[in-house]
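A note on names: the letters A, B, ... follow the listed sequences, proteins ahead of strands, and every chain is numbered from 1.
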Amino acid sequence: MFLTSNVHRAPLHVSVSSLSQLNSQSVFSVKYAVKLLKKLADDGNFKLGKVVHALLIVSNHASKDHVIQNNCLINLYSRCGQLAIARHIFNRLQQRNIVSWSTLMTGYLHNGFTWEVPKLLKDMVSVDNLFPNEYVLSTVLSSCSNGGLLHEGRQCHALVLKSGLVLHQYVKNALLSLYTMSSDMEGVLEILKSVPGSSNITDNVVLKGFLDHGYTNEALDVFSRMLSEGSVGDKISYVNIFGLCARLKDLKLGQQVHCRMLKSGLQLDVFLSSAVMDMYGKCGEILGARYIFYSYPDHNVVSWTTILAANFQNECFEEALKMFLQMELQDVVPNEYTFAVLLHSCAGLSAIGCGKTLHARVEKTGHGTFVVVGNALINMYVRSGHIEAARALFSNMICRDTVTWNLIISGFSHHGRGEDALYMFQDMLAAKEQPSYVTFIGVLLACGHLGRIEEGFYYLQHLMRDFGLEPGLEHYTCVVGLLGKAGKLDEAEKFMRSTPITWDVIAWRTLLNACNVHRNYGLGQKVADHLLQLNPNDVGTYILLSNMHAKVKRWDGVAKMRKLLRERNIKKEPGLSWTEIRNETHMFVSDDTQHPETAQIHEKVRKLLAEIKPLGYIPDTASVLHDVEQEQQEGYLSYHSEKLAVAYALMKTPSQAPIHVIKNLRICDDCHSALKLISKVTMRVIVVRDVNRFHSFQNGSCSCADYCQPEVVSLNKTFLTINHKSASGEKILGVRTVSARFGTDPFL
DNA sequence: CTAGGGTTAG
């Protein structure tokens with residue numbers, strides 16, 4: 001084009017010496033200068049812009065006082081990030097109009113000086129006696145929403161109403177953004193109702209607003225209206241809609257939207273690919289997320305973090321850590337979200353070595369001061385069994401949020417430290433931090449552990465409601481556990497029958513477990529029947545039931561359970577335990593002989609069992625459901641994985657070191673009593689994380705006080721669940737090492 | 001001559 005060729009060629013050849021030749025010539029008409037400056041402003045071309053500006057000055061043309069041309073110069077400099085120059089020109093204008101003001105305001109807005117913009121409006125009205133038009137109003141409103149200036153924004157709303165410009169779409173959208181920013185979704189609905197007309201941009205603002213503030217149904221309404229109008233818009237619309245699908249965890253809808261996007265021919269960009277990955281990740285379809293990741297090449301921190309998070313959310317913790325190494329190789333610099341995801345992945349694996357390395361790194365980079373990272377660190381230490389390290393971190397945190405408190409409270413609860421948990425809860429209230437739904441799960445677990453029935457009911461029936469919280473299934477399940485633990489089994493059953501809620505398998509299993517502990521055979525059988533009716537293939541029920549039969553020496557019952565399992569071809573998930581020794585993770589499978597040191601480990605187990613026998617240990621293998629086929633083989637050694645892992649850790653660690661073992665199932669009664677005694681004879685602290693909680697064995701007793709906690713979901717869905725398959729699906733046996741090289745050695 | 005919407009943690 002004529003314009004571009006002129007811009008890009010002619011002025012480029014202008015040198016200082018040639019300026020004098022151009023001096024007397026009228027090179028630019030005003031009209032041409034305006035076109036040129038606009039083009040340069042759009043490109044953000046500071047270098048050429050200065051040259052043209054210089055030419056305009058030296059050309060001695062009458063145009064230099066031309067207001068439109070000068071407005072273009074202000075625009076040029078503010079678009080190039082040179083706000084000081086823009087302001088200087090504005091100050092020296094011979095004459096100015098409303099566009100001069102509006103251009104300057106936009107400059108302040110885009111350069112981050114949002115709070116100056118309402119002041120400029122005030123000056124404009126008082127000094128130049130100009131009334132704001134739609135350009136000015138939408139710019140000032142945007143500044144208010146970007147800068148959190150709610151008060152000023154409200155005043156602008158008044159101006160908008162006075163001017164009658166509400167009907168203007170730009171102004172309306174800016175108003176919607178303002179009310180979205182201030183979480184006033186009722187205000188948003190009000191504007192939508194009173195102002196007709198909608199554009200793609202309106203839809204996007206509103207959709208995002210509804211999503212951010214939990215108005216999922218309203219967001220769905222917007223989406224279905226977009227569909228009925230035949231188009232779902234552009235890339236940004238798709239980003240928002242994928243966000244909606246992610247929120248709904250509706251994979252089917254997400255796939256349909258994805259198909260539609262493909263058909264519409266839209267190409268992925270870094271935002272869109274992140275949004276699609278996030279959708280697949282949150283909908284539990286990790287393969288979809290990975291597919292998108294590899295089909296779009298140009299990733300930034302955010303899209304990398306998205307794929308790491310998708311892996312984490314789908315319990316592919318190792319894969320998340322491995323992919324981070326790739327990210328580093330590509331020189332993408334991680335941010336606080338990246339570190340949070342990585343630390344949560346370590347937490348999922350109880351990979352304390354990786355976790356500590358990352359801890360060292362965030363301390364060095366300064367990311368440790370972000371709440372998200374602090375929370376992730378606390379979570380990592382809690383789930384690796386280092387509750388005191390978590391407490392120390394908590395004490396040193398500069399700023400905390402609800403999640404921080406929830407983590408430390410339920411952390412103590414899961415470690416059987418009920419009193420500490422309740423003290424923390426009191427501190428939380430004293431710090432004026434609003435407790436949430438999750439907070440009370442941790443609090444009720446703590447009450448359960450301490451056997452404080454009345455206190456628990458007070459929290460459930462009064463305090464929660466004082467904070468506007470409606471108790472849910474998790475809370476009620478905690479109460480069942482609370483009553484059950486105190487031996488009030490009939491009351492627990494009555495509570496379940498009288499509470500109008502749909503109880504799930506977990507709740508009934510909590511009651512069955514209580515029956516088991518308190519040897520209430522009759523009620524136990526009743527509950528078990530009910531459980532098997534709910535889910536005839538639930539292994540957990542069979543195991544509990546079999547334990548119960550064994551406890552009252554009803555061996556016929558135990559045999560019946562085994563027969564049922566065999567007949568129904570129900571496979572018990574293999575028992576896995578692992579322990580980390582100097583950054584190496586050693587994984588054990590029950591009755592596994594693949595570890596290179598199997599002979600020594602078995603020898604160690606035999607020795608330990610012999611040592612604790614005099615202290616009263618009676619092997620209780622009959623009560624334990626092993627793999628039925630294997631069990632009938634001759635010479636079968638019933639060594640559960642946790643026994644193997646503990647024995648190995650005892651062999652390989654210094655004599656005072658505490659031992660940390662993680663397992664995928666619930667610890668069985670036999671191992672539990674064995675480990676209590678082993679902690680006594682070896683004088684070691686042995687911390688075992690099972691699916692539900694932590695058992696801290698010390699000097700012959702356990703922090704769980706021999707009672708299992710209800711299996712309520714706490715903090716998030718991945719709490720205490722593990723990934724026993726690697727990304728490629730290979731089965732993990734014997735020794736496996738989780739690499740812990742993340743660029744920074746914690747001891748450097 | 002001047003104005004608007006997007007991705008990651010729990």
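Here the C1' atom of nucleotide B:dG5 and the NE2 atom of A:H110 are 13 Å apart, to the nearest Å. The nearest whole Å value for the distance from the CG atom in A:L268 to the P atom in B:dG6 is 19 Å. Between A:N111 atom CG and B:dA3 atom C1' there is a gap of 16 Å when expressed in whole angstrom units. Computed from coordinates, the A:F324 CZ to B:dA9 P distance equals 16 Å when rounded to whole Å.
Within the 4.5 Å cutoff, side-chain heavy atoms of A:H475 are placed close to those of A:I441.
A side chain to side chain contact (heavy atoms under 4.5 Å, CB included) with A:V166 is found for exactly one of A:L175, A:L137, A:V171, namely A:L175. Tested against A:W405 for a ring pair (Phe, Tyr, Trp, His ring centres under 6.0 Å), the candidates A:F394, A:F425, A:F412 yield a single pass: A:F394.
Ion pairing between A:D43 and A:K39 holds under the 4.0 Å rule for side-chain N and carboxylate O.
Taking every side-chain heavy atom of A:N335 into account, B:dT8 is the closest of B:dG10, B:dC1, B:dT8. Listed candidates were B:dG5, B:dG6, B:dA9. Nearest to the side chain of A:Q313 is B:dA9. The side chain of A:T106 approaches B:dA3 more closely than any other nucleotide in the set B:dA9, B:dG6, B:dA3. Candidate nucleotides B:dG10, B:dA9, B:dG4 were compared by shortest atom distance to the side chain of A:N173, and B:dG4 ranks first. Here the nucleotide nearest the side chain of A:V302, chosen from B:dT8, B:dG10, B:dG4, is B:dT8. Comparing atom distances between the A:L272 side chain and each of B:dT2, B:dG4, B:dG6 picks out B:dG6 as nearest. Checked against B:dT7, B:dA3, B:dC1, the side chain of A:N97 finds its nearest nucleotide in B:dC1.
Close to B:dA9, at under 4.0 Å from its OP1 or OP2, lies a side-chain N or O of A:K282. Put simply, A:K38 has a side-chain N or O that comes within less than 4.0 Å of OP1 or OP2 on B:dT2. Taking side-chain N and O atoms only, A:K235 has no distance below 4.0 Å to OP1 or OP2 of B:dG5. Within the structure, every side-chain polar atom (N or O) of A:R400 is placed at least 4.0 Å from both OP1 and OP2 of B:dG10.
Residue A:T103 is in sugar-phosphate contact alone, with no base atom involved, counting any heavy-atom pair closer than 4.0 Å across all strands shown.
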